There are 2 protein chains.
Amino acid sequence: MGRKTQGELLKHVLLERLMHYYYFLGERPGEDSPETVSSGQIAKFLNMDDTLVRKDLAALGVRGHPRIGFKTHEVLAAIRNVLGFEKTNKAIVVGAGRLGGALAAYSGFSKCSLFIVAAFDSDPQKQGSVLAGTVVQPMENLEAVIQRHNVRLAILTVPADPAQEIADRLVRAGIRAIWNFAPKALVVPSGVVVRHEHIVAGLAELAYHLKNIAEQET
Amino acid sequence: MGRKTQGELLKHVLLERLMHYYYFLGERPGEDSPETVSSGQIAKFLNMDDTLVRKDLAALGVRGHPRIGFKTHEVLAAIRNVLGFEKTNKAIVVGAGRLGGALAAYSGFSKCSLFIVAAFDSDPQKQGSVLAGTVVQPMENLEAVIQRHNVRLAILTVPADPAQEIADRLVRAGIRAIWNFAPKALVVPSGVVVRHEHIVAGLAELAYHLKNIAEQET
DNA sequence: TAGATTGTTAATCGATTAACAATC
DNA sequence: TAGATTGTTAATCGATTAACAATC
């Protein structure tokens with residue numbers, strides 16, 4: 001199987017690219033023989049160099065076939081394997097606002113074997129409403145649910161203010177990965193991973209482009 | 001003012017870092033003298049090297065002061081200037097689902113001088129509901145609104161399927177920057193910038209971490 | 001002054017790309 | 001076979017970091 005030596009952690013830029021490959025291969029525009037794919041095809045679609053695609057796939061232990069390319073299902077299986085999609089990851093959503101709702105309802109997660117088991121909100125108004133098939137629960141239930149379902153992943157969509165405090169609770173209750181959409185940098189003990197999704201950062205590129213356009217027009 | 005020579009475009013990684021600086025300086029945890037900030041402070045908070053912070057600020061033409069650091073308001077002004085936050089950017093939201101709603105309602109945009117002037121949805125059910133202070137309009141009004149308000153930026157939160165077709169309409173109507181949250185790669189003519197926000201990609205890192213943890217436990 | 005911090009050059013490091021033989 | 005594509009080494013490129021003199 002040519003698996004990567006254990007112990008060497010893959011870089012997160014590589015992991016992100018894997019996710020791009022995974023989604024591209026999963027819903028490729030209708031092809032005649034989607035059973036194979038060449039590094040060139042992937043590269044072209046994702047606007048990158050084909051050598052890099054081959055390097056990435058080699059790092060997963062997938063072997064291609066000269067003149068043919070890579071077997072799609074092998075690539076998909078390797079990515080699933082590396083990212084742990086063979087097993088379902090249970091997650092909770094903390095903060096049942098609009099963003100929390102959008103994420104909880106996002107259907108694309110199932111492809112990644114991600115399953116939302118519960119949602120929480122401190123607002124009594126929101127408690128009891130149905131989100132992603134589960135009832136929004138009060139924050140008091142947090143620890144109990146995490147422990148009962150053995151949840152390791154939390155999606156945090158609360159305001160900046162209570163974010164750190166909630167993160168602390170999550171970690172204490174057994175959460176080991178936090179997907180943080182709160183506009184606040186979190187401090188967590190080692191062994192816990194935080195992915196800070198600072199969405200506004202993406203606006204910078206667009207704003208910069210628009211400013212340059214406006215200046216040209218002058 | 002030591003402005004950067006015109007014509008050299010700043011890299012988008014740099015632009016993203018600028019946004020991080022901007023938000024950090026904008027709401028720094030209560031300090032005694034928040035009038036100045038050192039590259040070390042910024043670096044520590046954002047978990048990066050202080051040399052890189054100084055390089056970035058130098059690229060903007062901001063000059064620091066030995067022993068003192070940088071004047072906060074100068075840094076903020078320089079970033080606003082580079083990213084074009086002196087002028088308001090009008091934007092529309094296309095797709096008034098949960099994610100569209102979350103983005104339309106996001107209060108952090110005002111800091112970036114981003115102002116949502118209208119929202120659209122093809123679903124008659126959603127039309128007429130109020131989102132971010134404006135009424136959700138039918139898609140038919142798209143071109144008229146873009147032209148009337150001179151909108152250049154569109155936030156796209158529609159399903160993958162109609163995304164390309166809508167993007168084409170947007171570009172034809174005068175949109176020059178698309179913030180794409182649809183799970184679909186868009187093709188646009190040169191002169192138009194697309195920022196594809198593939199949120200699920202961020203999950204890769206967390207899933208990988210969780211898998212490694214699970215393996216260690218075995 | 002001593003010490004903190006900048007600004008900048010040089011060194012390092014890593015990621016990406018180019019080149020090309022190997023393969024079917 | 002000729003040609004397409006992989007796999008891999010070497011070259012390049014750029015980003016990050018180290019080092020340290022300059023400054024106040």
Side-chain angles (χ1 to χ4, degrees), chain A residues 1-5 8-21 25 28 31-75 78 201 204-205, chain B residues 1-5 8-21 25 28 31-75 78 201 204-205:
Chain A
M1 265 292 164
R3 200 79 50 71
K4 184 99 185 179
T5 326
E8 292 179 44
L9 289 183
L10 301 175
K11 299 281 156 55
H12 76 278
V13 275
L14 166 56
L15 295 172
E16 286 199 16
R17 286 200 301 266
L18 292 186
M19 201 63 122
H20 287 286
Y21 303 159
L25 294 176
R28 212 146 32 124
E31 301 263 323
D32 287 353
S33 60
E35 313 211 338
T36 65
V37 66
S38 73
S39 57
Q41 288 171 310
I42 298 178
K44 191 179 173 194
F45 181 81
L46 296 175
N47 222 351
M48 55 192 291
D49 196 277
D50 57 313
T51 308
L52 184 52
V53 175
R54 292 202 292 280
K55 277 250 172 88
D56 285 348
L57 297 184
L60 304 187
V62 189
R63 294 201 57 90
H65 308 275
R67 252 177 73 76
I68 291 166
F70 297 83
K71 293 195 179 154
T72 308
H73 76 270
E74 283 183 7
V75 177
E205 191 185 346
Chain B
M1 266 291 164
R3 200 77 50 73
K4 184 97 184 180
T5 326
E8 291 178 45
L9 287 183
L10 300 175
K11 298 284 156 54
H12 76 278
V13 276
L14 166 57
L15 295 172
E16 287 199 15
R17 286 199 302 265
L18 292 187
M19 201 63 121
H20 286 286
Y21 303 159
L25 294 175
R28 211 149 31 125
E31 300 262 323
D32 287 351
S33 58
E35 312 210 341
T36 64
V37 66
S38 74
S39 57
Q41 288 171 310
I42 298 177
K44 191 179 174 193
F45 181 80
L46 296 175
N47 222 350
M48 55 192 291
D49 196 277
D50 57 314
T51 308
L52 184 53
V53 176
R54 291 201 293 279
K55 277 251 173 86
D56 284 349
L57 296 184
L60 304 188
V62 189
R63 295 200 58 89
H65 308 277
R67 253 176 71 77
I68 291 166
F70 296 84
K71 293 195 178 153
T72 308
H73 76 271
E74 282 183 8
V75 176
E205 192 186 346

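In what follows, chains are A, B, ... by sequence order, proteins preceding strands, each numbered from 1. In this text, all values refer to a predicted model and were calculated from it rather than measured experimentally.
For D/dT6, the OP1/OP2 oxygens have a side-chain nitrogen or oxygen of A/Ser39 closer than 4.0 Å. Contact between the side-chain N/O atoms of B/Arg54 and the OP1/OP2 oxygens of C/dT6 is found at a separation under 4.0 Å. In this model, the phosphate group of D/dC24 is not approached by any side-chain N or O of B/Arg63 to a distance below 4.0 Å at OP1 or OP2.
The interatomic distance linking B/Asp56 (CG) with C/dG7 (P) rounds to 13 Å, in whole Å. Distance CG (A/Asn47) to P (C/dT17): 10 Å, rounded to an integer number of Å. One interatomic measurement links the two molecules: CG of B/Leu52 to C1' of C/dT8, which rounds to 14 Å at whole-angstrom precision. Atom-to-atom, CD of B/Glu16 to P of D/dT16 comes out at 12 Å; the value is rounded to the nearest Å. For the pair B/Lys71 NZ and C/dT5 C1', the computed distance is 15 Å after rounding to whole Å. Rounded to whole Å, the distance from CD on B/Gln41 to P on C/dT5 is 8 Å. Taking atom CG of A/Asp49 as the reference point, atom P of D/dT12 lies 16 Å away to the nearest angstrom. In this structure, A/Leu14 atom CG and C/dG14 atom C1' are separated by 13 Å, rounded to whole Å.
Nearest heavy-atom pair, A/Val75 versus A/Val62, reported as atom, atom and distance to 0.1 Å: CG2-CG1, 4.1 Å. The minimum heavy-atom distance linking A/Glu74 with A/Arg63 is given by the pair OE1-O, 3.9 Å. Between A/Met48 and A/Leu52, the shortest heavy-atom contact is CE-CD2, 3.8 Å. In terms of heavy atoms, A/Met19 sits closest to B/Ala204 at CE-N, 3.8 Å. Scanning all heavy atoms of the two residues, the minimum distance from A/Ala43 to A/Asp49 falls at CB-C, 3.8 Å. Across all non-hydrogen atoms, the minimal contact from A/Glu205 to B/Leu15 is CA-CD1, 4.0 Å.
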The dot-bracket string of DNA chain C, counting Watson-Crick and G-U wobble pairs with both distances under 3.5 Å, using [ ] for crossing pairs and | for pairs to another strand, is ..||||||||||||||||||||||
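Judged by closest nucleotide on DNA chain C, B/His65 is the one of A/Thr51 and B/His65 placed further toward the 5' end.
When the ring pair (Phe, Tyr, Trp, His ring centres under 6.0 Å) test is applied to B/His20, the partners found at least two apart in sequence or on another chain are A/His198.
Residue-level contact check: B/Ser38 touches the backbone only, with heavy atoms under 4.0 Å from sugar-phosphate atoms and none from bases.
The side chain of A/Arg17 sits closest to C/dT16 out of C/dT23, D/dA15, C/dT16. Looking at the side chain of B/Phe70, the nearest of the listed nucleotides D/dA15, C/dG7, C/dC24 is C/dG7.
Counting distance only, with no hydrogens placed and no angle test, the side-chain atoms of A/Lys55 and the base atoms of C/dT17 include a donor-acceptor pair under 3.5 Å.
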